[in-house]
There are 2 protein chains.
Amino acid sequence: MRTEGRAKRLPRAVRERQIMDAAVDVFSRLGFHSASMDEISEVAGISKPMLYAYLGSKEELFATCIRREATRMMEAIATGVEPDQEPDVQLWSGLRAFFGFVGENRASWQVLHRQASTQGGPFAVELTDMRGRAVSLVAALLTQSTKAPATKLEAESLAAALVGAGESLADWWLDHPEEPAGVVAARLMNLVWMGFGDLVDGNVWHPPSRR
Amino acid sequence: MRTEGRAKRLPRAVRERQIMDAAVDVFSRLGFHSASMDEISEVAGISKPMLYAYLGSKEELFATCIRREATRMMEAIATGVEPDQEPDVQLWSGLRAFFGFVGENRASWQVLHRQASTQGGPFAVELTDMRGRAVSLVAALLTQSTKAPATKLEAESLAAALVGAGESLADWWLDHPEEPAGVVAARLMNLVWMGFGDLVDGNVWHPPSRR
DNA sequence: CCTGGTACCTACTCGCGAGTAAGACTACTC
DNA sequence: GAGTAGTCTTACTCGCGAGTAGGTACCAGG
């Protein structure tokens, strides 16, 4: 709603946060290429040279956005999971934390999933890295809990599929926001833990009774 | 390998196919924004005005590419599935057809999945449409086969998750091409039909014995 | 050999957006 | 109140790429 005039003087750290917030917003709406530095600076309420002085080039800025949002998300998930519980409970906690985060951070999710995965730029590294961490996490969970001997490749590919299912369901959820996070998470949990085979027969998974 | 000179005169229909092939190739490698009409015309072996005369603007061209590749893929899947078999067999056939197609049409898949899903342009319609058809297909399969009463929303979201898992696994596969299509398809089949719960216990799904 | 129509080209225009030069305004310090 | 360090701006340059104007080669049929 600011129209014109000089921006109020603010310490660098504060400005940088504002700019990052604006950048995530714009990138999430328009994608990397279509987002212009002019628009980001406008949304942030400052002029373009400030942008360059503080955050560097457009690619650097984007990479920084991804790193920040990825970290926030991974932390949200990690704090939701307790590592010495049963595998299914761990998975359940992770899923709930994931959908909880997405629900409260639509823009972050858009940047992370839709935008970053596309371009083969230098920032793809950041994204691939985060996704890799997520996949490894799930793969480890699976490997550790399975009794049947499973190859590394097998666990990894299953984890990739699961992560993809989560991403896709999160996207679907953006178009059906009336559903609560817990319900969506529970559905995915049932799919990947019970499988269609059981669901078709009416067998569902439910969390262990409280306490 | 053509360096210069006038291109050989060819009937319009043939040229259009050549151009489309070139466009799919370039779009798949660079994405919509980074791909330039200059490069596409160069790869196609003709000059830019021809491109515009035949296929219209860049956006129209891209939309046309998506439509063509989407149709090819949906047909490949449809011909692989026989609609009055058991649900699990139908799903299995569909998955095999899908991974078979992706394996033999990397470029098409890149265009369809990575590139098209990103941009919010007018072509997003084409993509959303195809994805929607795939989701409906799976949702119908699920609804029809389940005994427990399931809401439309529930079936649709599960289908979305499954489709997403397939997409994600296909992407993972691009980075691990040494695995045969059937193995990858079987893994996903096991995940979504049996679920982790069963897999952890060593129960696997396998196709009904041949004949 | 002319007349048209279709394939095809070179050589532009023109806007958009990344990045910058050069300076102006504010605030703190001694 | 003069120096100086950090914040912030206006007003550019400049390349890239979408889209086009205005042709040239080639092949009919008359």
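We name chains A, B, ... by the order of the sequence lines, and we start the count at 1 in each one. Here the structure is a predicted model, which is why all the values come from computation and not from measurement.
Heavy atoms of Ser36(A) sit under 4.0 angstrom from primed sugar atoms or phosphate atoms, though from no base atom. Within the nucleic acid shown, Met37(B) comes within 4.0 Å of sugar-phosphate atoms alone, with no base atom in reach, counting heavy atoms only. Residue Pro11(B) is classed as having no contact, given no heavy-atom separation below 4.0 Å to the nucleic acid.
Atoms CD1 (Ile46(B)) and P (dT10(C)) sit 12 Å apart, rounded to a whole Å. The separation between Ile40(B) atom CD1 and dG19(D) atom P is 11 Å, rounded to whole Å. With rounding to whole Å, His33(B) atom NE2 is found 12 Å from dA18(C) atom P. One interatomic measurement links the two molecules: CG of Leu30(B) to P of dG17(D), which rounds to 10 Å at whole-angstrom precision. dC9(C) atom C1' lies 15 Å from atom CD of Glu42(B), rounded to whole Å. In this structure, CG of Leu51(B) is placed 12 Å from P of dT20(D), rounded to the nearest angstrom. Distance CD (Glu16(A)) to P (dC8(D)): 11 Å, rounded to an integer number of Å. Atom P of nucleotide dG17(D) and atom CD of Glu39(B) are separated by 9 Å, given to the nearest angstrom.
Using bins of under 30°, 30° to 60° and over 60° for the plane-to-plane angle, the ring pair Phe32(B)/Phe27(B) lands in the parallel bin.
Nearest-nucleotide mapping onto DNA chain C: of Leu10(B) and Lys58(A), the residue sitting toward the 5' end is Leu10(B). Each of Arg9(B) and Gly56(B) has a nearest nucleotide on DNA chain D; the 5'-most of these lies closest to Gly56(B).
Ser168(B) and Arg131(A) are linked by a side-chain donor-acceptor pair at a separation below 3.5 angstrom, with hydrogens and angles left out of the test. In this model, no donor atom of one side chain and acceptor atom of the other lie less than 3.5 Å apart for His176(B) and Ser157(A).
In this structure, of dA21(C), dG17(C), dC8(C), it is dG17(C) that holds the atom nearest to the side chain of Asp38(A). Here the side chain of Lys48(B) is nearest to one of dC8(C), dG19(D), dT9(D), namely dG19(D). Relative to the side chain of Ala7(A), the nucleotides dC8(D), dA18(C), dT10(D) differ in distance, and dC8(D) lies closest. Distance from the side chain of Ser47(B) is smallest for dT10(C) among the nucleotides dA18(C), dT10(C), dT7(D).
Neither OP1 nor OP2 of dC26(D) sits under 4.0 Å from any side-chain N or O of Arg6(B). For the OP1/OP2 pair of dG6(D) and a distance below 4.0 Å, the side-chain nitrogens and oxygens of Tyr54(A) include no atom meeting the criterion.
In this structure, Trp109(B) has its ring center no closer than 6.0 Å to that of Phe99(B).
With hydrogens and angles ignored, the 3.5 Å screen pairs no side-chain donor or acceptor of Ser28(A) with any backbone N or O of Ser108(A).
Between the side chain of Arg12(B) and the base of dT6(C) there is no donor-acceptor pair of N/O atoms closer than 3.5 Å.
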